[in-house]
Amino acid sequence: MRDWNADVYEIVQRIPRGAVATYGQIAALVSSPRAARGVGMALRHLPEGSSVPWHRVISSTGAISIENFDHPAEEQANLLMAEGITVHRGEKGYSVDLTRYLWQPASIDKGVSL
DNA sequence: AAGGTGACTAACA
DNA sequence: ATGTTAGCCACCT
């Protein structure tokens with residue numbers, strides 16, 4: 001058992017390029033499906049030089065939650081589009097089609113190495 | 001040490 | 001369909 005946040009980072013790094021995962025999904029893989037807030041906290045305190053693809057983590061509704069933090073939602077949307085993901089823009093913010101891009105973490109069992 | 005907040009989610013009214 | 005309440009986990013004051 002490692003540090004909770006470290007576990008979060010490890011799982012986030014397993015998200016393949018071109019796919020996205022929800023906070024609740026990551027939380028479920030770490031410990032509890034209700035720990036989504038902890039996941040958000042972990043990513044918020046994520047070291048700047050880390051190779052964790054934090055931009056691939058979005059809310060369960062497919063929308064980008066952040067607006068005015070270290071990294072604006074616009075930056076996250078830009079990164080996702082760079083991965084080949086279609087990001088829809090709206091007045092409320094940015095959104096992603098989860099039915100198309102949601103990550104299927106079944107690969108973890110097989111020890112995927114991407 | 002204790003209470004409040006937050007990059008969340010699901011259920012209830 | 002929108003608005004509010006409750007639950008979980010970690011961080012901050």
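Values reported hereafter were calculated over all heavy atoms of this structure, with side chains retained and with hydrogens, waters and symmetry mates removed. Within every chain, numbering begins at 1; the chains are lettered A, B, ... in the order of the sequence lines, protein sequences first and strands thereafter.
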Shorter than 3.5 Å, N or O on both sides, protein versus nucleotides 1-4 of chain B: list them out with atom names.
none

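Of all nucleotides in DNA chain C having an atom under 4.0 Å from a heavy atom of chain A, the first and last in 5' to 3' order are C/dG7 to C/dC12.
Between B/dC8, B/dT9, B/dT5, one nucleotide has an atom nearer to the side chain of A/Thr22 than all others, and that is B/dT9.
Look at CH2 on A/Trp54: it is 13 Å from P on B/dC8, rounded to the nearest Å. Rounded to an integer number of Å, the gap from CZ of A/Arg34 to C1' of B/dC8 is 11 Å. Between A/Trp4 atom CH2 and B/dC8 atom P there is a gap of 13 Å when expressed in whole angstrom units. Here the C1' atom of nucleotide B/dC8 and the CD1 atom of A/Ile64 are 15 Å apart, to the nearest Å. The distance between atom CG of A/Leu29 and atom P of B/dC8, rounded to the nearest whole Å, is 18 Å.
Judged purely by atom type and a 3.5 angstrom limit, A/Asp97 uses its side chain to pair as donor or acceptor with the backbone of A/Thr99. Under the 3.5 Å distance criterion, the side-chain polar atoms of A/Tyr9 are left unmatched by any main-chain donor or acceptor of A/Ser51. No donor-acceptor pair closer than 3.5 Å links the side chain of A/Glu83 to the backbone N or O of A/Arg17. In this structure, the side chain of A/Arg89 does not engage the main chain of A/Tyr94 through any donor-acceptor pair within 3.5 Å.
No more than 12 heavy-atom neighbours from other residues, nucleotides or ligands sit within 6.0 angstrom of CD on A/Glu74.
Of all heavy-atom pairs spanning A/Pro105 and A/Gln25, the tightest one is CD-NE2, 3.3 Å. Here the shortest heavy-atom pairing between A/Leu43 and A/Tyr23 reads CD1-CE2, 4.0 Å. Considering every non-hydrogen atom in both A/Ile15 and A/Ala21, the closest pair reads CD1-CB, 3.6 Å.
Side-chain N/O atoms of A/Ser59 include none lying less than 4.0 angstrom from OP1 or OP2 on B/dC8. Taking only side-chain nitrogens and oxygens, A/Ser60 comes nearer than 4.0 Å to OP1 or OP2 of B/dT9.
Between A/Val57 and A/Trp103, every side-chain heavy-atom pair lies at or beyond the 4.5 Å cut-off.
Nearer the 5' end of DNA chain C, as judged by each residue's closest nucleotide, is the contact made by A/Arg37, out of A/Arg37 and A/Asn5.
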